[in-house]
Amino acid sequence: MSETLDLIKMTSDAASEFEIALGSVRANPTPDAVEALRLLFIGRKGKVTLLMEGLRHASKEQRPIAGKTINTLKQQIEEAMSSLKEASANWALDEKLKQTPLDISLPIDHMAPQGSLHPVSLMRRELLREFRRLGFSVFDGPEADFDFYNFSALNIPEYHPARDMQDTFYLREQPNLLLRTHTSNIQIHCMLNERPPLRIVAPGRVFRCDSDPTHTPMFHQIEAFVVDKNISFGHMKGVIDSFMKAIFGSSMKTRLRPSFFPFVEPGAEMDLQCVQCSGKGCRLCKNTGWLEVGGCGMIHPNVFESVDYDTDTWSGFAFGFGIDRMAMLKYKLTDLRPMFEGSYSYLGQFSRYT
Ligand code: PHE
């Protein structure tokens, strides 16, 4: 009986000793301190292990009571030890982090390669920025469109060569459905959807059966048009000139040459002073000093009639040119085709403009 009482008393002493030791190890859970604590209580010669062994001397009746008390303590200690182990691992990690600060001297070529914008995207972005600055809004239209929007409403008659199968991609699915040959179809969509005054810019992909160093079956155009009261040819010339100066620098010169497009009257060809020789004459401009960049003119009354705009009230101008061609001139490229072949090394050259 007395041995049992002693055992229970010793167990409760060991429990409070453990509580105290646990507190101090927890405050600084180094792996050594944690291991020492374990050995001290539940190691081969630990206090609790010895108490277990002492059970042998207890009487048969009392042994279960003392045994239960010691076992409970042992379990509590084991639980505490396992949470201490975790604290100790965290402590070790903290120590390691303190010792090895972030290495900011890692060579930069270990980083992922950086992409760049496609020359057409770069050019389009710059063109749109300048048009917005001049007060234009962006409008979009379909790439696969009906004959009406791409041709008829633009005063392009039935027998016009542009409608020929050799120039235009027609779609099998529906009669009169085709891939637009220019962004001028957006003029019609826009005028039917909105009311004037309009100041619109519309970039997009266009398609023609054509392929050589300066022509690809798909390319990009940008269309700009204005519809308002008392719009004159002079307004158009002013917009084109200030726009080209914004893109190519203030010394850039432009000129308009009489030309014909069914949807404008009068119509003109827009020329840019040669970007290579500044007008002196070279191979690029075939010694003329000028480069042809697009078409323009006053919107034809027949176009206004096809969208039901009163031609006594409204007048307007339109112009369109190739974004890809503009990019070739701006970035001094000689071949249009690699633009659409997707080679990384070719496209990577444009990262400096991004
Ligand atoms: N749509 C014409 C073309 O693709 C360009 C143009 C646009 C001409 C607007 C006049 C007015 O060649």
Side-chain angles (χ1 to χ4, degrees), residues 120 124 127 131 134 136 138-143 145-157 160-164 166-169 178-191 198-210 214-228 231-241 243-244 254-272 291-304 306-307 309 314-326 328 336:
V120 174
R124 181 181 40 221
L127 294 169
F131 272 116
L134 292 172
F136 285 71
V138 180
F139 201 90
D140 202 6
E143 290 175 0
D145 208 354
F146 291 101
D147 176 295
F148 173 78
Y149 298 93
N150 194 81
F151 294 132
S152 315
L154 287 164
N155 197 36
I156 301 175
H160 194 279
R163 291 182 172 234
D164 201 302
Q166 284 182 335
D167 295 304
T168 304
F169 291 106
L178 46 86
L179 295 182
R180 69 173 171 207
T181 58
H182 52 184
T183 42
S184 301
N185 69 328
I186 302 171
Q187 287 186 36
I188 306 301
H189 285 282
C190 180
M191 288 196 262
L198 300 172
R199 242 182 263 150
I200 303 295
V201 61
R205 289 196 282 191
V206 301
F207 308 84
R208 289 179 199 176
C209 301
D210 220 349
T214 51
H215 296 92
T216 47
M218 184 283 297
F219 61 104
H220 301 81
Q221 281 192 336
I222 192 161
E223 189 92 359
F225 58 96
V226 167
V227 180
D228 206 338
I231 293 295
S232 74
F233 199 86
H235 290 133
M236 179 181 77
K237 194 167 155 57
V239 168
I240 292 173
D241 194 69
F243 177 79
M244 292 302 176
T254 59
R255 77 174 183 186
L256 302 179
R257 261 179 311 116
S259 185
F260 175 78
F261 298 93
F263 36 96
V264 286
E265 182 58 38
E269 207 88 55
M270 293 189 278
D271 286 354
L272 207 58
L291 299 166
E292 203 179 294
V293 289
C296 62
M298 303 306 291
I299 297 174
H300 198 289
N302 290 354
V303 174
F304 281 143
S306 69
V307 295
Y309 277 17
W314 306 110
S315 54
F317 65 77
F319 60 95
F321 53 86
I323 301 177
D324 328 56
R325 173 136 169 87
M326 209 55 109
M328 283 178 83
L336 189 63

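Counting starts at 1 for both ligands and their atoms, in listed order. One is the number of the first residue; the rest follow in order along the sequence.
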With heavy-atom distances below 4.0 Å as the criterion, list the atoms of ligand 1 near [X].
X: Cys296; result: 8 (C), 10 (C), 11 (C)
X: Ser184; result: 1 (N), 7 (C)
X: Gly295; result: 6 (C), 7 (C), 8 (C), 10 (C), 11 (C)
X: Phe263; result: 1 (N), 2 (C), 6 (C), 7 (C), 8 (C), 9 (C), 10 (C), 11 (C)

* Tell me, please: is Phe317 in heavy-atom contact with ligand 1, that is, under 4.0 Å? => no
* Asked: So is Arg208 in contact with ligand 1, going by heavy-atom distances below 4.0 Å?
  -> yes
* To do: Taking the six-membered ring for Trp and the single ring otherwise, decide whether the centroids of Phe148 and His189 are under 6.0 Å apart.
  => no
* Asked: Quick one: does Asn150's side chain have a donor or acceptor within less than 3.5 Å of a partner on Thr181's backbone?
  -> yes
* Under a 4.5 Å cut-off applied to non-hydrogen side-chain atoms, are Val201 and Phe139 in contact? -> no
* Any side-chain heavy atom of Val239 within less than 4.5 Å of one from Phe319? -> yes
* Is the shortest N/O to N/O distance between Thr181 and ligand 1 below 3.5 Å? -> no
* Close N or O approach (Gln221, ligand 1; < 3.5 Å) -> yes
* Where is the nearest protein heavy atom to atom 5 (C) of ligand 1: which residue, which atom, and how far? -> Gly320 O, 4.1 Å
* To do: Among all protein heavy atoms, pick the one closest to atom 11 (C) of ligand 1 and tell me residue, atom and distance.
  => Ala318 O, 3.5 Å
* To do: Kindly determine whether Asp271 and Thr254 satisfy side-chain hydrogen bond (donor to acceptor under 3.5 Å, both in side chains), including the steps that lead there.
  => CA-CA 6 Å; Asp271 286 354; Thr254 59; over 6 Å; no
* For Phe243 and Phe131, run ring pair (Phe, Tyr, Trp, His ring centres under 6.0 Å): C-alpha distance rounded to whole Å, both residues' side-chain angles, the deciding distance at 0.1 Å, then the answer. => CA-CA 8 Å; Phe243 177 79; Phe131 272 116; 4.1 Å; yes
* To do: State whether the number of non-hydrogen atoms from other residues, nucleotides or ligands found under 6.0 Å of Arg199 atom CZ is greater than 12.
  => no
